[in-house]
Amino acid sequence: MQSLNYFLLGGVAVACLTAGVFFLRFWRSTKDRFFLYFAASFLIEGVNRLTFGFMADLNEDSPIKYLVRALTYVLILFAILDKNMPRKEKNSSVP
């Protein structure tokens, strides 16, 4: 059962890292901060899962693991809020 847990944890880590790379690619082509925040969130979560997989125990009771996850969720929420906030136009020629 322990090897199945490590296998699933590796799958989640690879999925998070892959999603992060895709969002980073979208950010490079559009320069939209939304994609940058999502890329950072998924890359942080992927690295968190990888380090969790290299630890001796799979106990999720450590508060630091929840703090890292909370950080990634806050990044996603901030990205959504930032995208939906009204923006002032810099170049408005209409009086």
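These numbers come from a predicted model, not from an experiment.
Applying the under-4.5 Å side-chain rule to Ile, Leu, Val, Met, Phe, Trp and Tyr, the cluster around Phe26 extends to Phe22, Phe23, Leu24, Trp27, Phe34, Phe35, Leu36, Phe38, Phe42, Ile76, Ile80. Counting Ile, Leu, Val, Met, Phe, Trp and Tyr side chains that sit under 4.5 Å apart, directly or through other members, Val12 stands alone, with no cluster partners. Applying the 4.5 Å side-chain rule to ILVMFWY residues, one finds that Leu81 remains a lone member of its cluster.
Considering CD of Glu45 and OH of Tyr73, their distance stands at 5.5 Å, rounded to 0.5 Å. For the atom pair SG (Cys16) and CD1 (Ile44), the distance works out to 11.5 Å, reported to the nearest 0.5 Å. Here the straight-line distance linking atom CG of Asp32 with atom NZ of Lys83 works out to 3.5 Å at 0.5 Å rounding.
Clustering ILVMFWY residues whenever any of their side-chain heavy atoms sit less than 4.5 angstrom apart, transitively, puts Phe78 in the very cluster that holds Leu75.
Scored by the salt bridge (Lys or Arg N to Asp or Glu O under 4.0 Å) test, Asp82 finds Arg33, Arg87 as partners (sequence neighbours excluded).
Counting only residues at least two apart or on different chains, no salt bridge (charged side-chain N to carboxylate O under 4.0 Å, His left out) pair has a member in residues 7-23. Screening residues 4-25 for salt bridge (charged side-chain N to carboxylate O under 4.0 Å, His left out) gives no qualifying pairs among residues at least two apart or on separate chains.
When all heavy atoms of Gly20 and Ala39 are compared, the closest pair comes out as O-CB, 3.5 Å.
A donor-acceptor contact shorter than 3.5 Å links the side chain of Thr51 to the backbone of Val47.
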Query raised in the report: Taking it one step at a time, do Thr72 and Asn48 satisfy side chain to side chain contact (heavy atoms under 4.5 Å, CB included)?
Result: CA-CA 10 Å; Thr72 59; Asn48 182 38; over 6 Å; no

